[in-house]
Amino acid sequence: MKQQVLELVRSALQRLAVEGAFGDAEVLEPQLERARDPSHGDFATNLAMVMAKAARAKPRELAERLVAALPASPLIERVEVAGPGFVNFRLAPGAFLGLIPEILTRGPAFGRSRLGAGKRVQVEFVSANPTGPLHVGHGRGAAYGAVVADLLAAVGFDVHREYYVNDAGRQMDILATSVWLRYLELCGEALTFPSNGYKGDYVWDIAASLHREHGDAYRIDVDAVFAGAPPDAVEGEADGDKEAHIDALIASAKHQLGDNRYRFVFELGLNTILDDIRDDLSQFGVDYQEWYSERSLTESGAVNKAIARLREAGYAYERAGALWFRSTAFGDEKDRVIVRDNGQTTYFASDIAYHMDKLERGFDRVIDVWGADHHGYVPRMKGALSALGDDAGRLDVLLVQFAVLYRGGEKVQMSTRSGEFVTLRELRKEVGRDAARFFYVMRRCEQHMDFDLDLAKSQSADNPVYYVQYAHARVASVLRQAAEKGIVVEPTPGTLNLDRLGEEHERALLRTLSRYPEVVEAAALDEEPHLLTNYLRELATDFHGYYNAHPFLVEDAVLRDARIKLILAVRQVLRNGLGLLGVSAPESM
RNA sequence: GCCCUCGUAGCUCAGUAGGAUAGAGCAGCCGCCUCCUAAGCGGCAGGUCACAGGUUCGAAUCCUGUCGAGGGCACCA
């Protein structure tokens, strides 16, 4: 609908250009916006004002000429110049007649488009370390990433959803060691658990299953395990180093258990947690095409290849025994280590290899959804891609601010290490998947989010998701009653009877329905799911207002048919929109 | 100290690549169910868009500075 009006404006512009109305000024691409105020009609363009200066003309005069040059169209009821030089378009009632049949015919496909057809996009999101269950902070990234991916798919992109599994590195060793130490405790060994170990209950659970299935097969005398380890840092005491302490315990675990047994404990911890995360996300309605292993990058030689390419390109150098990437050449504030003086590659090196691999896999666009605490990481990552000779512009990093939790008006402190956190699973259980999904994407991702657990956990009507779902349930309810009365609700093809929809509420509803494809497109291209949640609330508001103002199942069969078709269209759009958000559309509530 | 994100109604937030009189939802007040689900609807009230300059026909939006909030500045991941 918008495109059709835009075409009219373009052709008017061409005519004016030929007439020389703009002098030697360049003709700009016209912008059409939805009028905010209904008295301004449906669409408006500010073109006359934007071009007035360059064309050395008065905005209103230019606007008048533009109006005069517009081709006649049955779509348009009225065009007028308003304010400082806006051109307002009011659509003819007939312009909306085709909308309802279009929605009902296309059904679930209404709002989808082929905009991104032929382009492959990868969306990588969540990618939390598998050292513990997902917590509510990950939930926001999960909901946001999933909706962005689904939106891009809706406008035609070929979308690849991926989770990067950090299954290598020190944190995983800390987890494995934590599991093993808990296991030793279950075996009856007395020990002081390291302050830097993972202390959550899930670690006990994994240790318990190890003990249950393998008895004492992994038991080692604790004195031997702790022998030679530097003192742990204990609360209130200055001496002691918790990092050195845990590292010594890791080394001891590897040594005492030997490669095979250590590996077994490591894998047990990793797989148990990864399975939990998979299951959790799946129940959250978040599914991936691929779970990409960090370890596989090392095993396939991709990390070494990336490092070699950086060397060849002249962006790697040695200093103090370590290998550095000259990220300052790309605007980073300092150079970064990629191979430590002990010969180990850093996490950053893996990440470079991973992103190199992403681009090699042929994605036209790569989107990373990261927590906002990683923002300092963006310049060096893009820098690395540039250094490798890749187009860093293909990488788009979306930073999601953390949700700050409040309980009883107090900020909730969270730490995976200490085991004090609210898990995503817990949240889902208490507020439900629908509310959690909707809530998480209601705000712009770069906006700090205050997540009031008490409010979210209470089954209160304050939650906007119920408002939207209720609109859907109401339509379903009306249709059930219609069926009971023997009213045929099968939509007839074409625009039959629809010209009876003349009420202000009906007009508003049609206008809102017609915006849906534009909203999906904007939400997808700008990666802003909240545009969709806002839209659905507006649509629900329009519907609830209509519902209260006019009965649908009236005696007048023609009018009744028209109204039923209208609310069928409303139901379809609510379904489509909620579906994109991963929220259910209930038949009754 | 340097960098990033942000500051809009009592609270939580929108504000469509600068546009017309800044909007919702909660909370507050006043109304509406013998009638398709009151998880709803209608109305009232609520604002120096943090502050100060600048850019222009026009600024919540762009630029500069100040204040405030959160985050980041590892041979950790």
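Each chain gets a letter, A, B and so on, in the order the sequences are listed, and its residues count up from 1.
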Indicate, with a heavy-atom threshold strictly under 4.0 Å, whether A/Ala473 touches base, sugar-phosphate, or nothing. base
Rounded to whole angstrom, note down the P distance from B/rG54 over to B/rC41. 46 Å
Using the side-chain heavy atoms of A/Phe86, tell me which of these nucleotides is nearest: B/rC36, B/rA77, B/rA20. B/rA20
Looking for any heavy atom pair under 4.0 Å, which part of the strands does A/Ala322 touch: base, sugar-phosphate only, or nothing? base
Please measure how far the P atom in B/rA60 lies from the corresponding atom in B/rA77, and state the result in whole Å. 48 Å
For a quick test of reading the model: is some side-chain N or O of A/Arg34 closer than 4.0 Å to OP1 or OP2 of B/rG19? no
Just say parallel, tilted or perpendicular for the rings of A/Tyr317 and A/Trp324, cut-offs at 30° and 60°. parallel
Ring-plane angle category for A/Trp370 and A/His374, please: parallel below 30°, perpendicular beyond 60°, tilted otherwise. tilted
What is the nucleic acid contact for A/His40, judged by heavy atoms within less than 4.0 Å: base, sugar-phosphate only, or nothing? base
Applying a 4.0 Å non-hydrogen cut-off, can you work out what A/Asn166 is touching in the nucleic acid: base, sugar-phosphate, or nothing? nothing
May I have the distance from A/Asp173 (atom CG) to B/rC76 (atom P), rounded to whole angstrom? 13 Å
Expressed as a whole number of Å, how far does the C1' atom of B/rA20 sit from that of B/rG7? 26 Å
Taking O4'-C1'-N9-C4 for purines and O4'-C1'-N1-C2 for pyrimidines, is B/rC51 syn (within 90° of 0) or anti? anti
At less than 4.0 Å, is any side-chain N or O atom of A/Arg340 found next to OP1 or OP2 of B/rC76? Yes or no. yes
Base, sugar-phosphate or nothing for A/Arg170? Non-hydrogen atoms, less than 4.0 Å. sugar-phosphate
Pairing of A/Glu555 and A/Arg560 as salt bridge, 4.0 angstrom limit: no
Identify whether any heavy atom of A/Ala471 sits under 4.0 Å from a base atom; if not, whether one sits that close to sugar-phosphate; answer base, sugar-phosphate or nothing. nothing
Counting only heavy atoms from other residues, nucleotides and ligands, does the tally under 6.0 Å from NZ of A/Lys2 exceed 12? yes
Could you check how far NE2 of A/His550 sits from P of B/rC32, rounded to whole Å? 21 Å
